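Notes for the one structure printed next.
Letters A, B, ... mirror the listed sequences (proteins, then strands); counts begin at 1. If you're wondering where the values come from, they're calculated on a predicted model, not measured in any experiment.
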Amino acid sequence: MFKILEKQVFSPIIKQFVIEAPKVAKSCRAGQFVILRIHEEGERIPLTIADFDREKGTITIVFQEVGKTTTQLGQMEAGDYIRDFVGPLGEPSHIKKFDHPVVVVGGGVGIAPVHPIARELKRAGNHVIGIIGARSGDLLFWEDKMREACTELLVTTDDGSYVRKGFVTDVLKEVIEDKGKENIAQVLAIGPQPMMRAVCNLTKEYGIETVVSLNAIMVDGTGMCGCCRVSVGGTTKFVCVDGPEFNGHEVDWHELSRRSAIFRPEEQKAMEYHNCECGSGCGGAK
Amino acid sequence: MSDVKKPKKEIKPKKNPMPAQDPVARAKNFNEVALGYSKEAVIDEAKRCLQCKKEPCRQGCPVEVDIPAFIRLAAEGDFAGAIAKIKEKNALPAVCGRVCPQENQCEKYCTLGKKHEPVAIGRIERFCADWELATGVKIPEVAPPTGKKVAVIGSGPAGLTCAADLAKLGHKVTVFEALHVAGGVLMYGIPEFRLPKAVVQAEVENLKKLGVDIQVNSVVGKFTTVDALMEEEGFEAVFIGTGAGLPYFMNIPGENACGVYSANEFLTRTNLMKAYMFPNWDTPIKLGRKVAVLGGGNVAMDAARTALRLGAEESWIVYRRSRDELPARKEEVEHAEEEGVKFAFLTSPVEILSNEDGWVTGMKCIKYELGEPDASGRRRPVPIEGSEYLMEVDTVVVAIGQGPNPLVPRTTKGLELTKKGTIVADPETGATSKPGVFAGGDVVTGAATVILAMGAGRTAAKAIHEYLSNK
Ligand SMILES: Cc1cc2nc3c(=O)[nH]c(=O)nc-3n(C[C@H](O)[C@H](O)[C@H](O)COP(=O)(O)OP(=O)(O)OC[C@H]3O[C@@H](n4cnc5c(N)ncnc54)[C@H](O)[C@@H]3O)c2cc1C
Ligand SMILES: Cc1cc2nc3c(=O)[nH]c(=O)nc-3n(C[C@H](O)[C@H](O)[C@H](O)COP(=O)(O)OP(=O)(O)OC[C@H]3O[C@@H](n4cnc5c(N)ncnc54)[C@H](O)[C@@H]3O)c2cc1C
Ligand code: SF4
Ligand code: FES
């Protein structure tokens, strides 16, 4: 059992937990993730390690409520216990010193996983340009943490309710034009699939190497089931063990988005079941 | 007792039948199919045994259970004696009695089998083990603590057995398991209707009573490594029993379409995550009306039978060779047929087709014929040119085999591997190329059987004990 030590609510649907998990905290590195299961009947869901404290033995996760499990997770409070919590999983980010500045892009809840990578890149001596964005200002979080993790930070909102109006790709384009494409060593983007895909389309035009972190559907997270497979550069990879980071220009986005939708009707059913207020203890009570 | 010694008695030609759930009813539920013998039936069956001097059956058992002796005790109604005899060699009899391919092992060599049906050794073994589980397992005595720490990686039959034997010898054993429950394939692979999970968990509980610390949610190669366990955590020996959990795919076009599962994913969702109870349990599984399972082993039979239970209208085994070469246990093939699983022999897909949404619509298949025998002695399937045809299916389960998961091998310094990625280990001891590190089960042999994994765990435990004693 893994104790929730702290809970922070960033918005009605975006929440942060600090969880006691010394084994994971001891060895995790930027870019890796955990898989958790709330209770005995629960599903195993992957969440990125957004921060960690080796001394205290804690892991920070930030998640967006998009379906049954994340909603149920969001209803938990500090002091509650999560049944299973396994990690660190996946390969860590490839951190090195680049000759030119690097750009990290975090969209929506993707800001959280970008954070430790940005921090490590800066620690390795890089000039890190951060771009973070959200649908609206109230969905934006960790601006301060990101400002600290990056050398310079640019913020945008889709609806213009905070700082400026525009997608992260708009800002990225301005940065590339401004600095010159030869002066950007790499772009790293994490966020919803359409956003990562849009970033890749843009950087492909400029020929800038781009790394993305894929959120395929997973079960075990150890390479045992193949559920998370994606085509990258024409070969099949398992996101959980070969990734989650890949060269974004080689990812078959079409296939990934289709595979992500496999269980959509079931996900809706699970949500309805969860929200049922019939009072018989059918699902909502769990 | 005198009545079992006389060989002149009248021999019943057939095994006592195994009571089983009705095929029509059971094809829709996940309850165990084979219900187990009654006390009367097991004694009657045990009395069929001729008590042959040469004990041919015993040579057929990979771990040389003293079969005539335990059957004699069972015939006398001394089930406590019988199970004790079995457990001298087999640590997991309730499991092996259910899933061993007896027709290729002990029962294959039974003298009765020359003219009649062999003695139902597996069924008698299962009865004795279930009898013990029901009446309460005696926890064996544990030797005084040796103060030595051993790490066991993986909690399949190899790891569980190795851990139990070492604990009995007084060593402090910690088992690290990647998943959230212990049991390996016994929990995530073999379905409930063939091996109830309560049986497996009873074995796991017994292990805990021996003082073994089982740490689930612990992926070695990720949160720690074999080297760190030995150098930093004070483990003096390590046993690697991580199995063969990496699914192979066909590498044909279309395999990443929606509706194509590896058998591991299909069975894990169902058995471990209980998708058949969705939405009471959260993990979903989805299948269409017509399911094709590629392969012919136990894994394929399990997947095909599971598909029926999940509501598929048709469930097909698509196999490259013919019926005679099916590697699955005979009983599973029979059960599958009774339940309505259909077979397409001498057939293999060359491409998986899908619609504009990416969902499977069919497979382009090719027919095979049997040619000359290959190295394994089985006749090699040769494709028939121009025999391509379309098989309409909407779900495909790939069950063509598994290899070892590379997580541990890749992160352990100085561990010699074969080209296939299995760990090189001495069959007599389980010792690997790295001092203090032993291995056994599917990670050494490639996908094999429960009894071989159990035996390898036991062999390694003995060798680890010697290694620690001489250290
Ligand atoms: C490596 C990785 C890291 C991730 N990190 C984060 C993170 O830091 N914060 C965050 O909010 N989300 C993260 N996700 C996504 C998160 O796992 C899903 O949002 C979550 O599983 C949804 O579960 P649900 O029951 O609430 O929703 P559901 O209703 O089940 O599904 C909603 C959506 O989530 C996706 N999804 C469903 N089940 C899974 C599953 N088992 N594995 C992966 N995706 C699934 C589906 O494609 C669907 O579009 C990550 C995913 C991956 C693969
Ligand atoms: C569907 C199916 C049906 C089968 N039917 C039969 C049958 O009828 N009869 C029969 O005799 N055999 C059968 N087998 C084969 C049999 O189950 C295996 O040969 C046997 O389980 C191998 O045992 P093992 O202990 O070597 O490995 P496994 O049972 O595979 O256990 C290995 C364990 O190690 C864990 N692990 C892996 N990597 C790590 C890591 N890095 N860190 C920590 N833990 C890790 C895994 O999660 C797993 O729990 C079947 C197999 C399958 C898949
Ligand atoms: S362990 Fe398997 S092979 Fe050995 S006697 Fe029992 S059923 Fe037969
Ligand atoms: S999640 Fe099972 S192999 Fe990646």
Identify which part of B:L267 has an atom lying under 4.5 Å from any heavy atom of chain A, answering side chain, backbone, both or neither. neither

More than 12 non-hydrogen atoms from neighbouring residues, nucleotides or ligands closer than 6.0 Å to CZ on A:R258, yes or no? yes

Given heavy-atom pairs under 4.5 angstrom as the criterion, report whether the side chain, backbone, both or neither of B:Q402 touches chain A. neither

Going through the distances and angles, do A:K68 and A:E267 end up as a salt bridge (charged side-chain N to carboxylate O under 4.0 Å, His left out)? CA-CA 7 Å; A:K68 153 115 194 237; A:E267 286 155 5; over 6 Å; no

Residue A:V24 versus chain B: region with a heavy atom under 4.5 Å: neither

Answer yes when A:R259 and A:E255 have at least one side-chain N-carboxylate O distance shorter than 4.0 Å, and no when they do not. no

Within the supplied structure, the quantity of interest is the number of heavy atoms (other residues, nucleotides, ligands) at a distance under 6.0 Å from B:K286 NZ; does it exceed 12? yes

In terms of heavy-atom pairs under 4.5 Å with chain B, which of A:E40, A:R44, A:H254 leads? A:R44

Might you confirm whether atom NZ of B:K172 has over 12 heavy atoms from other residues, nucleotides or ligands at distances under 6.0 Å? yes

In terms of heavy-atom pairs under 4.5 Å with chain B, which of A:D252, A:L89, A:T222, A:V230 leads? A:T222

Please look at B:L246 and chain A and tell me whether the side chain, the backbone, both or neither of the residue comes under 4.5 angstrom of a heavy atom of that chain. both

I'd like to know if the side chain of A:D80 and the backbone of A:E77 have a donor-acceptor N/O pair within less than 3.5 Å. yes

Note: vs chain B, highest number of non-hydrogen pairs under 4.5 angstrom among A:T236, A:V241, A:T69 is A:T236

Could you go through A:K269 and A:E266, starting from their C-alpha distance and side-chain angles, then the distance that decides it, and tell me whether this counts as salt bridge (charged side-chain N to carboxylate O under 4.0 Å, His left out)? CA-CA 5 Å; A:K269 187 170 166 192; A:E266 286 74 19; over 6 Å; no

Residue from B:W359, B:Y261, B:F266 scoring the most non-hydrogen pairs under 4.5 Å with chain A is B:W359

Quick check: does any side chain N or O of A:K96 sit under 3.5 Å from a backbone N or O of A:L121, one acting as donor and the other as acceptor? no

Would you give the length of the straight line joining atom CZ of A:F17 to atom CD of A:E6, rounded to the nearest 0.5 angstrom? 11.5 Å

Residue part contacting chain B, namely of A:K23, when any heavy atom lies under 4.5 Å: both

Among B:T283, B:V181, B:N256, B:V219, the residue with the most heavy-atom pairs under 4.5 Å to chain A is B:N256

Given heavy-atom pairs under 4.5 angstrom as the criterion, report whether the side chain, backbone, both or neither of B:V260 touches chain A. both

Contact origin within B:N405 toward chain A - heavy atom pairs under 4.5 Å: side chain

Between A:L36 and chain B, with a heavy-atom cut-off of 4.5 Å, which part of the residue counts as in contact: side chain, backbone, both or neither? neither

Less than 4.5 Å to any heavy atom of chain B: does that hold for the side chain of A:T235, its backbone, both, or neither? neither

Crowding at CZ, B:R289 (>12 non-hydrogen neighbours, <6.0 Å): no

Largest heavy-atom contact set with chain B, pairs under 4.5 Å, which of A:M224, A:Q32, A:E43, A:K26: A:M224

Report the relative orientation of the aromatic rings in A:F85 and A:F2; use parallel for angles under 30°, tilted for 30 to 60°, perpendicular for over 60°. tilted

Contact part of B:A228 toward chain A, heavy-atom cut-off under 4.5 Å: side chain, backbone, both or neither? neither

Considering only heavy atoms, which portion of B:K222 lies under 4.5 Å from any heavy atom of chain A: side chain, backbone, both, or neither? both

